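One structure is given here, and the rest of the page talks about it.
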Amino acid sequence: MIKHILAFGILAGCIFILDSKPMLAESSPAALHALVLRDTRSLIVTAVGAEANTVEVTTRGNVLIVLRANSNMNASTHEGRNNEAKAIAPIVAKAIGGKSEFKNTSTIRIQFTSRPKLTEKGKTIDSIEFRKGPDGIFDFHQS
């Protein structure tokens, strides 16, 4: 009898866990989009050792923008910012790769901005782009 009660308890617990776990397929595309952007931001902060408040990840049309606001890279050279952008772009490409919410993303733009206040638009110091080629890979773009 104890075996039956224990087995029933385990089965009921498994059903409860499976039933209460949110399914990604049931989430809205906007929620999934926001989740990917948030996770991408966290990956960037960790990878480049940035302060969390200096990294923002957004989209505008088919462009994914990584904004580095008031970062220490603003005082760097263009080549230094290129190097950081080259470290960030593969992280972003991997994070959005294969996700239907980002299938139309054609450009990853890493933008270095100076803002007197975080609520203000600010001044662009530098902007580096990676454009998706026919092979689906984001390549460094020089103009």
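Just so you know, residue 1 is the first one in the sequence shown, and it goes up from there. Note that the structure is predicted; figures quoted are calculated from it, not measured.
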Practice task
Assess whether side chain to side chain contact (heavy atoms under 4.5 Å, CB included) is satisfied between Arg68 and Glu84, documenting all intermediate values.
Solution key: CA-CA 10 Å; Arg68 293 283 281 123; Glu84 181 167 299; 2.6 Å; yes
Tell me whether [X] contacts the main-chain N or O of [Y] through its side chain, where contact means a donor paired with an acceptor under 3.5 Å.
X: Ser71; Y: Met73; answer: yes
X: Arg115; Y: Asn70; answer: no
X: Asn74; Y: Thr113; answer: yes

Problem - More than 12 heavy atoms of other groups within 6.0 Å of Lys99 NZ - result: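 Atom NZ in Lys99 is packed in, count exceeds 12.
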Handout entry: Neighbour count >12 (heavy atoms, 6.0 Å) for atom NZ, Lys94
Key =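 Check fails, neighbour count at 12 or below.
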Problem - Partner residues of Arg41 under the salt bridge (Lys or Arg N to Asp or Glu O under 4.0 Å) criterion, sequence neighbours left out - result: none
Handout entry: Pairing residues for Arg131 by the salt bridge (Lys or Arg N to Asp or Glu O under 4.0 Å) criterion, not counting sequence neighbours
Key =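 For Arg131 the salt bridge (Lys or Arg N to Asp or Glu O under 4.0 Å) partners, ignoring immediate neighbours, are Glu129.
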Using the rule that Ile, Leu, Val, Met, Phe, Trp and Tyr join whenever any side-chain heavy atoms are under 4.5 Å apart, tell me whether [X] and [Y] fall into a single cluster.
X: Ile91; Y: Phe102; result: yes
X: Leu43; Y: Val48; result: yes
X: Val63; Y: Phe140; result: no
X: Ile125; Y: Val55; result: yes

Exercise for the section: Please examine the side chains of Leu37 and Leu64, heavy atoms only from C-beta on, and report whether any two atoms are closer than 4.5 Å. Expected result: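 They are in contact (side-chain heavy atoms under 4.5 Å apart), so the answer is yes.
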Practice task
Assess the side chains of His33 and Thr59: does a donor N or O sit below 3.5 Å from an acceptor N or O?
Solution key: yes
